[in-house]
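Report on one structure; see the data block that follows.
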Amino acid sequence: IEIIHQIGTDDMKKADDSVMFSVTISLPDKKLESGPSSCGVMVSETIPQGEGMIKTKINLIAQVVIKSPYRGKYAQIGLVTNNANKGEPIEFVVKAENLGDSLIQEAMASIEIKNQNGDTISTVFTDAKDISPGDGVLLKKAIDTTDYRAGRYTAKAKLGYGGGVATDEKGFIVGTYEVSILSYPKDIEISDKQPFTIDIESLWGKPLENVYTATTITNSSNTEVAEIRTAFTSLAPWEITSLSGEIDTTRFRPGEYSIKVNLYYGDKIATQEGKILFKKKAAPKISIAERTKMIVTNQKFITGVIAAIIA
């Protein structure tokens, strides 16, 4: 690597100034292997000589990737998509690159859309374009989500290029005005105050304010033993987060209780009911070394007692 421009102190007028410089990379005489090759360019700070100082040195390294074309046709794709509320369009953009040395004609990607259960909902196709060697294009397709159920989906893009099939996969959300309860504690150890965490997910593509939960726990007589409220929080679009409260477990005896979690957002309430187990605090685990020490101590005590009785 030949340095064309070297940065000097005169080039730097301010601490936040940037200086452009160029490097020339000499490639080997023989042809590079097909595919990406990489090397690094390092910029190293020059430290003035001197004694009695603690010195630091900054090195910056940038990676340079050189793509040598494959023989024939060879494509690589990347899929980009977006979330949207139900009824709004979702656009798929497939970035297709020709890494071969031959023209790929009428390149078109298929996009298979699957729901959370893995069932194929539909298959759509992008527009078609030629891709010259070393070049890239954007292939696009938009879908109408009016007939889609709210939830999470997976889109898998495929592009056949003559020598094979390039694929990429991304997830997306069709949103609705809903916040769901993902999980809450199913068992708690009785030991003073314990954290009580509820995981929630927003399926709405806009921010939500003043979201909180109120949880009641009742015994077998349907008597309320505890209520746990979390602080108000805000949710970003599509956000998954945790709401945390605190529960005094000393009010409980070991056993199973009924639990009801109410999640409040806007003018709506999401509810989950179930069971929660309160269990005794587990006895501390004793290591092998501690057990051996206890056995030796007991043996010494017994030996002493026997000796005292004989005497």
Side-chain angles (χ1 to χ4, degrees), residues 33-38 62-180 182 201-207 235-241:
E33 292 184 3
S34 299
S37 302
S38 62
Q63 185 183 36
V64 178
V65 178
I66 301 167
K67 295 181 179 179
S68 181
Y70 294 86
R71 290 184 178 181
K73 298 178 181 181
Y74 190 90
Q76 188 176 68
I77 67 171
L79 175 62
V80 178
T81 187
N82 62 287
N83 301 324
N85 290 324
K86 182 178 174 67
E88 298 174 349
I90 287 180
E91 184 177 39
F92 300 106
V93 179
V94 178
K95 181 181 180 182
E97 295 180 276
N98 185 353
L99 303 181
D101 58 9
S102 299
L103 174 70
I104 300 176
Q105 294 180 308
E106 294 292 306
M108 180 175 63
S110 66
I111 301 170
E112 185 181 15
I113 301 170
K114 295 185 177 183
N115 62 15
Q116 288 177 289
N117 298 323
D119 302 322
T120 299
I121 303 302
S122 65
T123 300
V124 296
F125 298 89
T126 66
D127 51 345
K129 295 179 181 179
D130 293 342
I131 315 176
S132 301
D135 199 2
V137 297
L138 298 180
L139 307 174
K140 300 180 180 181
K141 177 63 180 180
I143 62 170
D144 182 1
T145 62
T146 302
D147 295 330
Y148 280 71
R149 290 184 177 181
R152 294 182 176 271
Y153 292 82
T154 301
K156 185 173 184 178
K158 298 179 182 179
L159 185 145
Y161 51 87
V165 179
T167 64
D168 194 25
E169 188 174 297
K170 289 292 186 298
F172 66 94
I173 301 173
V174 175
T176 186
Y177 187 63
E178 179 182 328
V179 183
S180 58
L182 299 179
E201 176 186 20
S202 173
L203 291 176
W204 187 233
K206 296 179 181 179
L235 293 179
W238 328 113
E239 183 179 4
I240 296 176
T241 191

Result block: side-chain N/O donor-acceptor pairs under 3.5 angstrom for residues 119-128, not counting sequence neighbours:
{"from": "Thr120", "atom 1": "OG1", "to": "Glu112", "atom 2": "OE2", "distance (Å)": "2.8"}
{"from": "Ser122", "atom 1": "OG", "to": "Tyr148", "atom 2": "OH", "distance (Å)": "3.0"}
{"from": "Thr126", "atom 1": "OG1", "to": "Ala109", "atom 2": "N", "distance (Å)": "3.0"}
{"from": "Thr126", "atom 1": "OG1", "to": "Ala109", "atom 2": "O", "distance (Å)": "3.4"}
{"from": "Asp127", "atom 1": "OD1", "to": "Lys140", "atom 2": "N", "distance (Å)": "2.9"}

Please collect all side-chain hydrogen bond (donor to acceptor under 3.5 Å, both in side chains) contacts where either partner lies in residues 155-176, sequence neighbours excluded, each pair once.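 As it turns out, the side-chain hydrogen bond (donor to acceptor under 3.5 Å, both in side chains) pairs with a partner in residues 155-176, which skip direct neighbours, are Asp168-Lys170.
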
Heavy-atom closest pair, residues [X] and [Y]:
X: Leu103; Y: Pro133; value: N-CG, 4.0 Å
X: Tyr153; Y: Val174; value: CE1-CG2, 3.8 Å
X: Ile111; Y: Ala155; value: CG2-CB, 3.9 Å
X: Leu159; Y: Ala107; value: CD1-CB, 4.2 Å

Using modelled atom types and a 3.5 Å cut-off, is there a donor and acceptor pairing between side-chain atoms of Lys86 and backbone atoms of Thr146?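 Confirmed, Lys86 side chain pairs with Thr146 backbone.
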
Okay, side chain of Thr145, backbone of Gly87: is any donor-acceptor separation there less than 3.5 Å?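 Yes; at least one donor-acceptor contact below 3.5 Å.
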
Roughly how far apart are [X] [atom1] and [Y] [atom2], rounded to 0.5 Å?
X: Leu139; Y: Ser110; atom1: CG; atom2: OG; value: 11.0 Å
X: Lys141; Y: Ile143; atom1: NZ; atom2: CD1; value: 9.5 Å
X: Thr81; Y: Ile113; atom1: OG1; atom2: CD1; value: 8.0 Å
X: Phe172; Y: Thr154; atom1: CZ; atom2: OG1; value: 8.0 Å

Would you check if [X] and [Y] make a side-chain contact, meaning some heavy-atom pair closer than 4.5 Å?
X: Pro237; Y: Pro207; result: yes
X: Val179; Y: Trp204; result: no
X: Ile77; Y: Lys95; result: no
X: Asp135; Y: Asn98; result: no

For the CG atom on Asp144, are there more than 12 heavy atoms of other groups (residues, nucleotides or ligands in this structure) within a distance under 6.0 Å?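 Atom CG in Asp144 is crowded, with more than 12 foreign heavy atoms closer than 6.0 Å.
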
- Task: Would you please test Glu106 and Asp130 for side chain to side chain contact (heavy atoms under 4.5 Å, CB included) and show each step?
- Result: CA-CA 5 Å; Glu106 294 292 306; Asp130 293 342; 4.0 Å; yes

